[in-house]
Amino acid sequence: MVTSSDISKRIIEAVLAQKLAPGARLGEQPLAMLFDCSRTIVREALMRLAARGIVTVSARRGWYVIEPSEDEAREAFEARRVIETGLIRSMKSVDKTAIKQLKSHLTREKAALKDTDVGVRSYLLGDFHVCLAECLGNSLLADTLRDFTARTTLIAMLYQSSHDAAQSCDEHVQIVDALEQGELARAEALMSAHIGSVQAALRLHASTDPLAQLRQALAPVSDAAVIAHAAQDLHTRTPKARRRKLTEPAADSSTYLGALL
């Protein structure tokens with residue numbers, strides 16, 4: 001029998017693989033049919049994910065995958081930076097078994113980069129950070145990082161991250177290399193830089209004004225600006241082109257729309 005833990009785990013994996021987008025609806029009945037279980041079990045799974053900050057519920061709209069705000073995006077990356085660099089800083093050494101496991105994960109990452117399955121590639125790149133926490137012997141932080149990594153995956157999808165998958169893999173390789181050499185300070189610095197580069201690739205606005213985008217969109221159109229633009233347009237045209245522009249009939253609107261399309 002499927003359990004609520006099984007369902008929540010599958011949903012997290014789907015998020016990490018970028019198969020569930022921010023705002024995706026998670027209907028109780030469809031999920032119950034899919035997993036062949038009761039809606040009660042599905043609801044337990046969704047409530048578990050809501051407590052972990054992965055899904056949200058609306059009284060009228062039902063359950064949905066979260067759509068993090070820009071402030072929440074920044075906080076998520078800050079939290080990951082604190083946790084992951086702190087985890088490395090707390091280590092005195094990394095044993096050979098842990099290095100072997102991390103290298104095995106990197107081998108799968110590199111293989112996924114050559115494949116066409118974006119889902120597997122995305123999942124493995126995100127799961128590296130969970131694997132790192134597990135290899136360093138902290139299962140509690142591994143669970144925490146799984147949730148934070150899922151949130152930052154949703155953030156990357158929502159804010160159209162331009163970070164290259166191959167670059168992420170290369171940065172993971174450098175981190176593991178530093179750990180293997182026992183250079184924990186360098187590994188910590190590399191991890192901080194890696195998280196920073198992923199965050200920097202997001203299309204986040206620098207403004208802290210929550211109404212900035214709406215304020216700009218609804219700003220009144222200045223007549224002076226329109227007149228100045230028209231004057232500049234006439235000034236830059238040749239006299240012959242100006243005369244032709246004034247004598248030509250207005251362009252047909254349907255033709256203009258067709259040109260845009």
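Taking the six-membered ring for Trp and the full ring otherwise, H129 and H105 have centroids separated by 6.0 Å or more.
Note on ring orientation: taking the six-membered ring where Trp is involved, the planes of F128 and H172 are parallel (angle under 30°, cut-offs 30° and 60°).
Residue I195 holds its CD1 atom at 11.5 Å from CD of E78, rounded to the nearest 0.5 Å. Rounding to the nearest 0.5 Å places OG1 of T149 at 11.0 Å from CG of L154. R52 contributes atom CZ, which lies 9.5 Å from atom OG1 of T144 (distance to the nearest 0.5 angstrom). Rounding to the nearest 0.5 Å gives a distance of 10.0 Å between SG of C169 and CG of D164. A distance of 8.5 Å separates CG of L190 from CD1 of I88, quoted to the nearest 0.5 Å. Expressed to the nearest 0.5 Å, how far CD1 of I99 lies from CG of L106 amounts to 9.5 Å.
Within the 4.5 Å cutoff, the side chain of E13 has heavy atoms near those of the Y123 side chain. S139 places none of its side-chain heavy atoms less than 4.5 Å from the side chain of E134. Under the 4.5 Å side-chain criterion, counting only non-hydrogen atoms from C-beta, I12 is in contact with D147. With a 4.5 Å cut-off on side-chain heavy atoms, R89 and L184 do not count as touching. Using a 4.5 Å cut-off on side-chain heavy atoms (C-beta onward), F77 and T152 make contact. Side-chain atoms of C135 and V94, non-hydrogen and from C-beta on, never get closer than 4.5 Å to each other. A heavy-atom distance below 4.5 Å is found between the side chains of L49 and I11. Using a 4.5 Å cut-off on side-chain heavy atoms (C-beta onward), E171 and H163 make contact.
Around atom CZ of R43, more than 12 heavy atoms belonging to other residues, nucleotides or ligands sit under 6.0 Å away. In D36, the CG atom is not crowded: 12 or fewer heavy atoms of neighbouring residues, nucleotides or ligands sit closer than 6.0 Å.
Taking each heavy atom of L125 and S168 in turn, the nearest pair found is CD2-CB, 4.1 Å. Smallest separation of non-hydrogen atoms from S93 and M91: O-CE, 3.3 Å. N138 and L141 make their closest contact through OD1-N, 3.0 Å (heavy atoms, listed as atom of the first residue, atom of the second, distance). Among all heavy-atom pairs drawn from I54 and A150, the shortest one is CD1-CB, 4.0 Å. The nearest pair of heavy atoms linking A73 to Y159 is CB-CE1, 4.3 Å. Nearest approach of D177 to R186, heavy atoms of both residues: OD2-NH2, 3.3 Å.
Note on Y64 and V42: separate hydrophobic clusters, where clusters join Ile, Leu, Val, Met, Phe, Trp and Tyr whose side-chain heavy atoms are under 4.5 Å apart, directly or indirectly. V130 and L102 are members of different hydrophobic clusters when ILVMFWY side chains are connected at heavy-atom separations under 4.5 Å. Hydrophobic clustering places V2 together with L26 (ILVMFWY residues linked when any side-chain heavy atoms are closer than 4.5 Å, directly or through intermediates). Cluster annotation: L202 and V65 are assigned to distinct hydrophobic clusters (Ile/Leu/Val/Met/Phe/Trp/Tyr, side-chain heavy-atom contacts under 4.5 Å, transitive). The hydrophobic cluster containing M33 does not contain I41, counting ILVMFWY residues as joined when their side-chain heavy atoms lie under 4.5 angstrom apart, directly or transitively.
With a 6.0 Å cutoff to the six-membered ring centre and a 45° limit on the axis angle, R146 does not count as a cation-pi contact of F148.
Salt bridge E180/K103: present, at least one basic N to carboxylate O contact under 4.0 Å. At a threshold of 4.0 Å, the pair E44-R48 does not count as salt-bridged, since none of the basic side-chain nitrogens sits closer than that to a carboxylate oxygen. Comment: R74 engages D71 in a salt bridge, judged by a side-chain N to carboxylate O separation of less than 4.0 angstrom.
Checking side-chain atoms of S192 against main-chain N and O of A189 turns up no donor-acceptor pair under 3.5 Å.
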Output, in order, the C-alpha distance, side-chain angles, deciding distance and verdict of side chain to side chain contact (heavy atoms under 4.5 Å, CB included) for W63 and R25. CA-CA 6 Å; W63 297 92; R25 190 172 187 278; over 6 Å; no
